[in-house]
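A quick write-up on the structure given underneath.
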2 protein chains.
Amino acid sequence: MGASKTHMFSLTQNELAQVAKVLAHPARIAILEYISRQENCICNDLVDVIGLAQPTISQHLNEIKKIGLLKGTFEGKNLCYCINEKRWEELQHSFHTFFTNINYNCC
Amino acid sequence: MGASKTHMFSLTQNELAQVAKVLAHPARIAILEYISRQENCICNDLVDVIGLAQPTISQHLNEIKKIGLLKGTFEGKNLCYCINEKRWEELQHSFHTFFTNINYNCC
DNA sequence: TAATATTATCGTAATATTGCAATATAATTT
DNA sequence: AAATTATATTGCAATATTACGATAATATTA
């Protein structure tokens, strides 16, 4: 025991939970907010700004990348991580739908 | 090591992450969806519907309760968990703000 | 009050996450 | 090519989560 029984739930439920999991760490919230404020993002900046070690930042970035929220392009010498606008809006829509489809006609 | 360094992040970042953490499990998504569809909710129903053991359901409900998303009232003999409408809308607003405040002028 | 039904807590095992030092890889510059 | 810089991977220790059986607590009914 100890493992989530994902097979018991619908694809939609699992997908929303998976995305929420990525947002479920303040460092990743901070990383996303920081990237969105920059014209360019270099991972090394994040180490200074966020204040966690470089491997830790790299791992967090990887989690964010896994759900398609980042696109990276090489620009000159540095790798540049950017918000994947299309995916971002998709996830925004998922959360919006989840929050909107609730009704309160109980109690 | 191993513990999240929450003190390094802002209150807003920590709060959003905390809420996301509650949504980061498909069982809790399923529980919230189910409660919202019912006129009345009895925990014992959830055990059948979700398919996890009663103590597990109880624990999940507790996580959801911790962030103020449920209000419970006694109605006849059974405890009735309901969505806390006000809190729900608060969280909806938090996520909406987070998703909206991002800009994409990078890359 | 005793029996029944419902929900919560405890204890524990399995699994997952977090964080970093050490190291490896990749790209750029000298 | 060697040195430098930036990012990724590995390995490991600490902590957190998930799940459930056993049991306790609470409320309802007979």
Side-chain angles (χ1 to χ4, degrees), chain A residues 1-9 13-14 17-31 34-35 38 40-67 70-82, chain B residues 1-9 13-14 17-31 34-35 38 40-67 70-82:
Chain A
M1 299 117 206
S4 287
K5 300 190 160 182
T6 55
H7 62 283
M8 305 181 77
F9 305 100
Q13 287 166 343
N14 276 304
Q18 199 195 347
V19 172
K21 202 171 208 168
V22 173
L23 300 182
H25 196 292
R28 294 193 286 263
I29 299 286
I31 287 171
Y34 180 75
I35 295 177
Q38 306 306 309
N40 296 300
C41 171
I42 299 145
C43 186
N44 198 249
D45 286 359
L46 283 172
V47 174
D48 297 333
V49 174
I50 308 292
L52 294 171
Q54 180 268 324
T56 307
I57 295 291
S58 183
Q59 278 173 26
H60 281 307
L61 279 170
N62 210 276
E63 295 300 312
I64 301 173
K65 238 187 282 183
K66 271 187 198 162
I67 57 165
L70 294 181
K71 53 179 181 183
T73 54
F74 288 93
E75 191 187 333
K77 65 173 178 175
N78 295 315
L79 181 54
C80 172
Y81 288 100
C82 308
Chain B
M1 297 113 207
S4 288
K5 300 190 161 181
T6 54
H7 63 281
M8 304 181 78
F9 306 101
Q13 288 166 343
N14 276 304
Q18 199 195 348
V19 172
K21 202 171 207 169
V22 173
L23 301 182
H25 196 291
R28 294 194 285 263
I29 299 286
I31 288 171
Y34 180 74
I35 294 178
Q38 307 306 308
N40 296 301
C41 170
I42 299 145
C43 186
N44 199 251
D45 287 359
L46 283 171
V47 173
D48 298 335
V49 174
I50 308 292
L52 295 171
Q54 180 268 322
T56 308
I57 295 291
S58 183
Q59 278 173 26
H60 280 308
L61 278 171
N62 210 279
E63 295 299 312
I64 299 172
K65 237 187 284 183
K66 271 187 200 163
I67 58 165
L70 294 181
K71 54 179 180 184
T73 55
F74 288 93
E75 190 187 338
K77 66 172 180 176
N78 295 316
L79 180 54
C80 172
Y81 288 101
C82 309

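From a predicted model like this one, the values you see are computed outputs, not experimental measurements.
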* Mind checking which stems touch DNA chain C? I mean at least 3 consecutive Watson-Crick or G-U pairs, both distances under 3.5 Å. => C:1-30 with D:1-30

* To do: Ignoring backbone atoms, test whether B/Thr56 places a side-chain nitrogen or oxygen under 4.0 Å from the OP1 or OP2 oxygen of D/dA19.
  => no

Side-chain polar contacts of residues 18-28 of chain A - donor-acceptor pairs under 3.5 angstrom, sequence neighbours left out - could you list them?
{"from": "A/His25", "atom 1": "ND1", "to": "A/Ala27", "atom 2": "N", "distance (Å)": "3.0"}
{"from": "A/His25", "atom 1": "NE2", "to": "B/Ser4", "atom 2": "OG", "distance (Å)": "3.2"}
{"from": "A/Arg28", "atom 1": "NE", "to": "A/Val22", "atom 2": "O", "distance (Å)": "2.6"}
{"from": "A/Arg28", "atom 1": "NH1", "to": "A/His60", "atom 2": "ND1", "distance (Å)": "3.0"}
{"from": "A/Arg28", "atom 1": "NH2", "to": "A/Lys21", "atom 2": "O", "distance (Å)": "3.1"}

* Asked: Picking from C/dC20, D/dT18, C/dT9, which would you name as closest to the side chain of A/Ala53?
  -> C/dC20

* To do: Go through the N and O atoms of the side chain of A/Gln59 and the base of D/dA8, and report whether any donor-acceptor pair is under 3.5 Å.
  => no

* Between D/dT17 and B/His60, is there an OP1 or OP2 to side-chain N/O distance shorter than 4.0 Å? -> no

* Asked: What is the distance from CD of B/Gln54 to P of C/dT6, rounded to the nearest Å?
  -> 11 Å

* Separation of atom CE in B/Met8 from atom P in C/dG19, rounded to whole Å -> 9 Å

* To do: Take atom CZ of B/Arg28 and atom P of D/dA19, then tell me their distance rounded to the nearest Å.
  => 8 Å

* **Interatomic distance, A/Gln59 atom CD to A/Lys65 atom NZ [nearest 0.5 angstrom]** => 12.0 Å

* Between C1' of C/dT7 and CG of B/Asn62, the distance in whole Å -> 11 Å

* Asked: Minimum heavy-atom separation for B/Leu52 to A/Met8, with atom names?
  -> CD2-SD, 3.9 Å

* To do: Report the distance from atom NE2 of A/His25 to atom C1' of C/dG19, rounded to the nearest whole Å.
  => 9 Å

* Which nucleotide, C/dC20, D/dC20, D/dT15, lies nearest any side-chain atom of A/Pro55? -> C/dC20

* Let me know the distance between CG of B/Leu46 and P of D/dA19, rounded to the nearest Å. => 14 Å

* Does the side chain of A/Lys21 get closer than 4.0 angstrom to OP1 or OP2 of C/dT18 through an N or O atom? -> no

* What salt bridge (Lys or Arg N to Asp or Glu O under 4.0 Å) pairs are there with at least one residue in residues 51-63 of chain A, not counting sequence neighbours? -> A/Glu63-A/Lys66

* Kindly compute the distance separating CD1 (A/Ile31) from CD1 (A/Ile57), expressed to the nearest 0.5 Å. => 4.5 Å

* Between CD1 of A/Ile35 and CG of A/Leu46, what distance do you get to the nearest 0.5 Å? -> 5.5 Å

* Would you please confirm or rule out a distance under 4.0 Å between OP1 or OP2 of C/dT15 and any side-chain N or O of A/Lys5? => no

* Nearest-0.5 Å distance, CG of residue A/Asp48 to OH of residue A/Tyr34 -> 8.5 Å

